[in-house]
Amino acid sequence: MTEPITEHVEKIAEVRNSFADAVGRARYGNGATVLTSRGKRVAAIVSMDFYEQALQALGLTTVPAPPKEK
């Protein structure tokens, strides 16, 4: 059995001030940060390993986004 993921829920505005903490939880801990906007869950910061496993499980592939114009 796998270890459960600790879920932190924060407003986007709050994460702006502590983005490194959210990334650290995903990268080094077994945690995810769910971002909310106006009370709705809108996105999540998860580890790269979790993201890649989710893509594989769903049978999805990714393509690089075009570079931003300056």
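Fair warning: this is a prediction, and the values are worked out from it, not measured in the lab. Worth knowing before you read on, the calculation uses all heavy atoms, side chains too, and leaves out hydrogens, waters and symmetry mates.
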Q) CD of Gln56 to OG1 of Thr61: how many Å apart, nearest 0.5 Å? A) 12.0 Å

Q. Between atom NE2 of His8 and atom CG of Asp21, what is the distance when rounded to the nearest 0.5 Å?
A. 10.0 Å

Q) Any link between Val34 and Ile12 through a network of hydrophobic side chains (Ile, Leu, Val, Met, Phe, Trp, Tyr) touching at under 4.5 Å? A) no

Q) Between Val15 and Ala22, what is the shortest heavy-atom contact and its length? A) CG1-CB, 4.3 Å

Q: Indicate yes or no: at least one non-hydrogen side-chain atom of Thr36 is less than 4.5 angstrom from one of Val42.
A: no

Q: Could I get the full list of side chain to side chain contact (heavy atoms under 4.5 Å, CB included) partners for Thr62, not counting sequence neighbours?
A: Tyr51, Leu55

Q.
Quick check: is Leu35 connected to Met48 through a chain of hydrophobic side chains (ILVMFWY, heavy atoms under 4.5 Å apart)?
A. no

**Q.** Residue pairs involving residues 37-49 (criterion side chain to side chain donor-acceptor pair (under 3.5 Å); sequence neighbours excluded)
**A.** Glu7-Arg41, Asp49-Gln53

Q: Hey, could you give me each pair passing side chain to side chain donor-acceptor pair (under 3.5 Å) that has a residue in residues 22-32? Not counting sequence neighbours.
A: Glu10-Arg25, Arg25-Thr33

